[in-house]
Each structure stands twice: as structure tokens, then as C-alpha cells.
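Remarks on the structure that follows.
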Amino acid sequence: MVSIKKFSAVLSAGVLALGLAACGSDTSGSGGKKEESTGYPKKAITVVAPSGAGGGWDLTARSFTKVLSETKLVKQPMTVENKPGGGGAVFMAEYATAQAENNDMLFINSPPIIINNLKKEGNSPYGYKNTTPLAQLTKDFGAIVVKADSKFTDLESVLEEVKKDPKKLTFAGGSAPGSMDHLVSVLPAYKYGVDPTKIKYVSYDGGGEAITALLGGNADVIGTDASSVKEFLKAGKVKVLAITSAERLGGDFKDIPTAKEQGVDAEFTIWRGVFGPEKMSEEAKSYWEKTIDKLVASPEWKTEVETQGWEMEYKNSGEFKTFLDEQEKQVQQLLEALGMQK
């Protein structure tokens with residue numbers, strides 16, 4: 001059986017790559033005209049976060065549009081639209097069908113775009129192959145989080161409780177069973193010797209809703225991305241018991257031990273990237289490749305990434321597509337290990 005550790009190691013693999021200024025053609029696929037002849041983009045650009053407000057996709061979409069607008073790399077208006085449902089699967093179905101040629105709509109995603117397409121329960125017939133991958137932007141890490149007044153003080157105290165009775169505690173996350181937050185939630189328990197299929201997990205549409213459930217007493221523990229709980233940690237509303245990074249993070253998380261430090265070999269890295277429609281024109285693809293390349297090299301973007309508590313990990317369009325192809329194989333193996341493959 002393929003271990004989750006192997007999967008998470010692959011998730012964290014990757015070297016910061018500064019791409020070439022352009023990876024695509026300067027001509028449109030239909031008429032062979034130069035990009036300047038049509039002046040894409042002519043309309044406002046929508047960037048979709050396929051989740052509720054407050055989670056990692058939402059924060060990434062808002063940071064992406066904010067910096068592109070403030071630096072004037074994109075002169076057309078840019079807006080963020082939240083389209084929650086099915087851990088991203090509902091929007092993916094709409095995007096792959098009704099929006100397949102909409103050059104003016106991009107979206108943010110992460111490992112669920114692969115996982116949702118491959119898992120058995122509630123799987124989506126659509127995945128990254130029904131898009132045009134444009135760039136990987138950042139990486140983040142999973143966090144195991146409880147309310148500030150929780151009796152749990154460290155990761156081991158939670159895992160011991162779960163080991164005695166896997167269904168006693170309610171775990172929650174902003175993605176469907178078998179998807180990213182679920183994997184973050186059960187990975188430490190799995191590595192601690194608990195059957196992950198027996199853990200009670202409740203899914204919400206986005207990390208923001210999962211945090212609300214935690215604070216409202218509807219969940220005992222949440223597995224989510226570290227960046228989305230930073231403000232709640234600073235406000236004293238939550239305790240972060242563990243981070244799934246290989247080494248302790250800095251900044252607001254400098255006092256939070258990794259799972260590995262606590263004797264649980266659970267690492268999980270969350271990449272985030274931007275995608276266009278499957279039938280995106282060559283002109284639009286070339287425009288975004290060039291523009292995103294300039295974005296990630298800008299000091300404004302580097303500051304934003306640091307402010308959000310993320311880490312830079314840029315892959316241009318070609319590198320990102322290759323990475324996704326490799327990732328798909330590993331996700332398939334992971335789901336088979338959990339008995340959740342379709």
C-alpha cells in the first residue's frame with residue numbers, strides 16, 4: 001500500500017522556478033494576428049474562488065487580483081467571485097461546460113481539482129485536464145486547530161482521544177470527504193495508528209465556514225490551511241496544535257510546533273495555482289503567462305505572500321502542467337490506499 005507520507009512528500013516537492021517572460025505564442029490560434037491587434041483583455045476579469053469567503057482559495061484569489069490591479073499589470077477591472085459547492089466540484093462542472101471558452105474568467109484551485117476527479121464518493125467528472133493550467137503561485141501547509149478554550153493542548157492529546165474512540169471527536173474542514181482538508185485532518189491520526197476511515201469528519205464549503213463551525217462548538221477539531229487561521233490565532237480565538245510542514249514556520253507561527261516535532265511524521269503541503277478555461281485562446285494564454293511571470297517577480301507580490309503567511313513556489317504554465325500530471329498518479333495511489341478511489 002502506498003503511504004500517505006509518500007503522497008504528501010510529492011505535494012511538497014518543487015523548486016522555486018522563475019519562468020521565461022513568455023511560454024506561449026504571440027499569435028491567436030484562429031487568425032495568426034499579433035496580440036496587439038485585439039488588445040486582450042478588453043473586458044473586466046473575474047477570478048473565481050470555488051468556495052465560501054475566508055478560506056485559502058478566497059484569500060489567494062483576492063491577493064492575486066489586488067496585486068495585479070495595484071501594480072497595473074492588468075489595467076482592466078478585476079473582481080473576485082465566490083462560487084461554493086462540493087469542495088469546488090460544482091463550479092468545476094459549470095466551468096468545464098458553460099465557461100469553456102470564457103477567456104475573461106480564471107479560477108484558483110489546489111489539490112482538490114485532482115482529488116475530486118478521482119475519488120469515489122461525490123466525484124467530479126471534470127478535473128484539471130478540463131482547464132488551461134496557467135501557474136502555480138504559492139504553497140501553504142496544513143494546520144490542526146482547536147478553540148482557544150479547548151481542553152486539548154497539543155497534538156498528542158487529540159490523537160490519544162481519537163485512538164480510544166475514533167468517533168468521539170468531530171473533525172471538520174472546508175472540503176468534501178477524501179479531499180484536502182479531510183486528508184489534513186486524518187493524516188496525523190493515520191500516522192498515529194488510527195484507522196482514518198473511522199474518524200468522524202464533517203465537510204463545509206470553505207475554510208471560513210469550517211472555522212465558524214469550530215468557534216460555534218459544532219466541531220472539536222478542524223484540519224485546514226495554516227494561512228486561513230492566522231488572524232484567529234492572533235486574536236486569541238483558536239489554538240493551533242500542529243503544522244504539517246517539515247520545519248517550523250516563522251512569523252505568527254514561530255511558536256507552533258510541527259507534527260513531526262511532536263513525534264508524528266505527518267507532512268502535507270498545499271499548493272495553490274491559477275487556471276483558465278480549457279479552450280482558452282492562445283492570445284489570452286500568452287497574455288496571462290507573461291503577466292503572471294511579471295507578477296511573481298514583483299516586490300509587491302513577494303510582500304503579499306509574506307503577509308499572508310504563504311511561501312513562494314512558482315511554476316509557469318508548462319511546469320505546472322507537468323507537475324499536475326505527476327500529481328494525478330500519486331493522488332490515485334493515495335485514494336486507493338484509503339479505499340476511496342472511484
Side-chain angles (χ1 to χ4, degrees), residues 49-59 82 84-88 90 112 121-122 140-192 194-244 249 252-253 255-259 262 264 266 268 270 308-309:
S51 64
W57 290 342
D58 179 64
L59 292 172
N82 294 96
V90 173
E121 296 296 332
D140 196 355
F141 298 97
I144 303 299
V145 185
V146 296
K147 282 180 68 176
D149 60 359
S150 170
K151 69 177 182 178
F152 299 112
T153 57
D154 56 24
L155 181 60
E156 185 179 10
S157 61
V158 171
L159 297 180
E160 278 298 315
E161 192 95 343
V162 173
K163 197 166 189 177
K164 293 174 186 175
D165 182 359
K167 294 192 179 297
K168 184 174 182 180
L169 300 180
T170 298
F171 285 75
S175 61
S179 199
M180 189 170 64
D181 283 2
H182 184 202
L183 298 182
V184 170
S185 298
V186 304
L187 178 60
Y190 173 82
K191 301 302 290 187
Y192 203 70
V194 179
D195 183 350
T197 65
K198 297 189 178 196
I199 293 174
K200 183 180 177 182
Y201 175 81
V202 179
S203 63
Y204 292 88
D205 281 324
E209 290 190 21
I211 292 170
T212 299
L214 179 72
L215 297 178
N218 294 315
D220 300 300
V221 187
I222 62 170
T224 188
D225 43 275
S227 62
S228 68
V229 299
K230 184 176 70 168
E231 295 306 316
F232 296 92
L233 175 66
K234 289 166 67 176
K237 294 183 178 181
V238 302
K239 289 187 288 191
V240 179
L241 303 183
I243 302 290
T244 65
L249 304 181
D252 296 309
F253 297 103
D255 296 323
I256 310 299
T258 66
Q262 300 176 73
V264 183
F268 195 101
I270 302 166
Q308 293 292 350

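- In plain terms, the two heavy atoms of A266 and A259 that are nearest each other are O-CB, 3.8 Å.
- Remark: the backbone N or O of L169 is not paired with any side-chain donor or acceptor of D220 at under 3.5 angstrom.
- The side-chain heavy atoms of L249 and I256, taken from C-beta on, include no pair separated by under 4.5 Å.
- Atom CZ of residue F253 and atom OG1 of residue T258 lie 13.5 Å apart, to the nearest 0.5 angstrom.
- Contact annotation: the side chain of V186 never approaches that of Y201 to less than 4.5 Å [non-hydrogen atoms, C-beta and beyond].
- With rounding to the nearest 0.5 Å, the separation of OG1 in T212 from CG in N218 is 10.0 Å.
- Across all non-hydrogen atoms, the minimal contact from G87 to P112 is O-CB, 4.1 Å.
- Side-chain contact check for P188 versus I144: some heavy-atom pair is nearer than 4.5 Å.
- What you find for S228 and G56 is that their closest heavy atoms are CB-N, 4.4 Å.
- With K147 contributing its side chain and L214 its backbone, the two residues share no donor-acceptor pair below 3.5 Å.
- The shortest non-hydrogen separation linking T244 to F141 is OG1-C, 3.9 Å.
- Pairs engaging residues 226-238 under the salt bridge (charged side-chain N to carboxylate O under 4.0 Å, His left out) rule: E231-K234 [sequence neighbours left out].
- Looking at T224 and V184, their side chains never come closer than 4.5 Å, going by heavy atoms from C-beta outward.
- Distance CE/M180 to CD1/I270: 4.5 Å, rounded to 0.5 Å.
- Distance check: L183 CG to Y190 OH gives 11.5 Å after rounding to the nearest 0.5 Å.
- Listed for the N82 side chain is a donor-acceptor partner under 3.5 Å among the backbone atoms of S51.
- In this structure the side chain of V158 reaches within 4.5 angstrom of the side chain of F171, judged on heavy atoms.
- In this structure, D140 and S227 approach most closely via the heavy-atom pair OD2-OG, 2.6 Å.
- For the atom pair L159 CG and K191 NZ, the distance stands at 12.5 Å (nearest 0.5 Å).
- The CD atom of E156 lies 8.5 Å from the CD atom of Q262; values are rounded to the nearest 0.5 Å.
- Contact record, A210 with G173: CB-C, 3.7 Å, taken as the closest heavy-atom pair.
- For K239 and F152, the positive end is not near the middle of the six-membered ring at less than 6.0 Å and at most 45° from its axis.
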